[in-house]
Amino acid sequence: MRTLSLLSVVALFSIASAQPGPAPVAAPAPAPAAKAKPTHVDFSIPLKPLKQKDLSFEMLKSRWSLLMYFSPTCGHCQHTYPYLRGFRDKYEKKGLAVAVIATGYASAEDIAVFDKDFNMDVMAFQDDTKKFSEVYGTGSVPLILLVGPDGTYQTWNASDSVTIASMDAAIHKALKIK
């Protein structure tokens with residue numbers, strides 16, 4: 001009887017192993033490669049002027065520009081904006097243009113509150129088509145770009161004292177201030 005039992009087990013094992021098992025799990029597809037950021041800012045991207053209706057983003061082409069892509073409800077953006085105004089005050093006569101670009105998701109009410117609270121007196125646009133964020137966005141705000149006359153740029157994503165000092169030094173160097 002023991003022999004029969006052992007033979008039964010071997011037979012059952014053979015039958016079980018011949019049955020198809022669960023389908024093999026395919027390896028996950030590799031994530032699509034992140035789209036490389038362009039090396040130059042495209043000033044033909046349509047941006048809606050917020051306060052001065054005669055502004056166009058193309059006005060910043062071929063000059064040194066400091067841009068801040070922001071959300072008016074973002075605490076970090078609210079913290080950073082006064083530094084941008086300071087850079088404007090310090091460097092505008094030396095050739096630096098300063099502009100802010102509100103995200104396409106910002107409401108008119110939120111922009112109005114930001115303007116009231118922070119006196120948005122620099123060139124101001126909104127990325128209402130979301131084209132700017134598609135190309136240059138990092139998924140976080142603020143995003144600050146120092147753009148040269150040739151369109152090349154460098155970026156910062158923070159507004160701590162070290163980053164502000166780094167921006168100031170980069171602007172100072174870019175404008176060739178002695």
Side-chain angles (χ1 to χ4, degrees), residues 32 34-161 163-168 170-172 174-175:
K35 187 176 177 186
K37 299 282 184 216
T39 58
H40 293 72
V41 170
D42 178 0
F43 287 100
S44 69
I45 291 175
L47 297 176
K48 178 177 122 185
L50 289 175
K51 294 180 77 176
Q52 299 166 295
K53 299 305 176 194
D54 60 337
L55 284 182
S56 82
F57 189 46
E58 288 195 64
M59 295 172 72
L60 297 170
K61 188 176 183 178
S62 302
R63 62 186 296 189
W64 282 103
S65 303
L66 187 64
L67 310 175
M68 179 173 83
Y69 187 77
F70 79 108
S71 170
T73 58
C74 164
H76 295 294
C77 300
Q78 294 168 357
H79 172 78
T80 304
Y81 180 74
Y83 290 107
L84 258 63
R85 288 182 63 208
F87 290 142
R88 190 253 345 249
D89 295 346
K90 185 175 179 179
Y91 295 115
E92 184 175 48
K93 290 183 178 165
K94 308 241 189 262
L96 182 70
V98 175
V100 293
I101 304 166
T103 69
Y105 299 101
S107 71
E109 294 79 19
D110 288 340
I111 293 169
V113 168
F114 183 90
D115 185 22
K116 180 179 178 273
D117 291 347
F118 296 97
N119 185 22
M120 195 167 51
D121 62 350
V122 300
M123 288 184 258
F125 302 93
Q126 184 171 21
D127 185 23
D128 59 337
T129 63
K130 301 175 183 74
K131 300 268 187 224
F132 189 89
S133 66
E134 281 177 17
V135 178
Y136 304 100
T138 61
S140 66
V141 288
L143 171 64
I144 299 138
L145 296 89
L146 177 61
V147 187
D150 62 354
T152 59
Y153 63 96
Q154 58 185 358
T155 63
W156 295 269
N157 284 100
S159 59
D160 57 78
S161 59
T163 304
I164 297 300
S166 170
M167 282 187 253
D168 191 33
I171 295 166
H172 197 86
L175 297 175

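- Heavy atoms only, all atoms of each residue included: Phe70 and Met120 are closest at CZ-SD, 4.2 Å.
- Residues Pro38 and Val135 have side chains in contact (heavy-atom distance under 4.5 Å, counting atoms from C-beta outward).
- Interatomic distance, Lys51 NZ to Ile111 CD1, rounded to the nearest 0.5 Å: 11.5 Å.
- Contact record, Ile164 with Ser159: CG1-O, 3.7 Å, taken as the closest heavy-atom pair.
- The backbone N or O of Ser65 sits nowhere less than 3.5 Å from a side-chain atom of Tyr153 that would complete a donor-acceptor pair.
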Worked check of side-chain contact (heavy atoms from CB on, under 4.5 Å) between Leu67 and Leu60: CA-CA 10 Å; Leu67 310 175; Leu60 297 170; 3.7 Å; yes
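- A donor and an acceptor atom, one from each side chain of Asn119 and Tyr81, are nowhere located under 3.5 Å apart.
- Side-chain atoms of Thr155 and Tyr136, non-hydrogen and from C-beta on, never get closer than 4.5 Å to each other.
- To the nearest 0.5 angstrom, Leu66 atom CG is 10.5 Å from Asp168 atom CG.
- By the neighbour-count criterion of 12 heavy atoms within 6.0 Å, atom NZ of Lys93 is sparsely surrounded, having that number or fewer from other residues, nucleotides or ligands.
- In this structure, Gln126 contributes its side chain and Thr103 its backbone to a donor-acceptor pair below 3.5 Å.
- The minimum heavy-atom distance linking Ala174 with Leu146 is given by the pair CB-CD2, 4.4 Å.
- The minimum heavy-atom distance linking Pro46 with Thr129 is given by the pair O-OG1, 3.6 Å.
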Residue pair Val122, Arg85: steps toward the side-chain contact (heavy atoms from CB on, under 4.5 Å) verdict: CA-CA 7 Å; Val122 300; Arg85 288 182 63 208; 4.3 Å; yes
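- Taken from CG in Leu143 to CD1 in Ile101, the straight-line distance is 8.5 Å, to the nearest 0.5 Å.
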Worked check of side-chain contact (heavy atoms from CB on, under 4.5 Å) between Asp110 and Tyr105: CA-CA 10 Å; Asp110 288 340; Tyr105 299 101; over 6 Å; no
Evaluation steps, ring pair (Phe, Tyr, Trp, His ring centres under 6.0 Å), between Phe132 and Tyr69: CA-CA 9 Å; Phe132 189 89; Tyr69 187 77; 5.5 Å; yes
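- Summarising the geometry, atom CG belonging to Leu96 is positioned 13.0 Å from atom NE2 belonging to His172; distances are rounded to the nearest 0.5 Å.
- Contact between Met68 and Cys77 at its shortest, heavy atoms only, is CE-O, 3.9 Å.
- Asp42 and Lys131 are not joined by a salt bridge, as no carboxylate oxygen comes within less than 4.0 angstrom of a charged side-chain nitrogen.
- Contact record, Asn157 with Ser140: ND2-OG, 3.6 Å, taken as the closest heavy-atom pair.
- Annotation: the span from Phe114 atom CZ to Ser107 atom OG amounts to 13.0 Å, rounded to 0.5 Å.
- The distance from the CG atom of Leu55 to the CZ atom of Phe125 is 4.5 Å, given to the nearest 0.5 Å.
- In terms of modelled atom types and a separation under 3.5 Å, the side chain of Thr80 and the main chain of His76 share a donor-acceptor contact.
- With hydrogens and angles ignored, the 3.5 Å screen pairs no side-chain donor or acceptor of Lys94 with any backbone N or O of Leu175.
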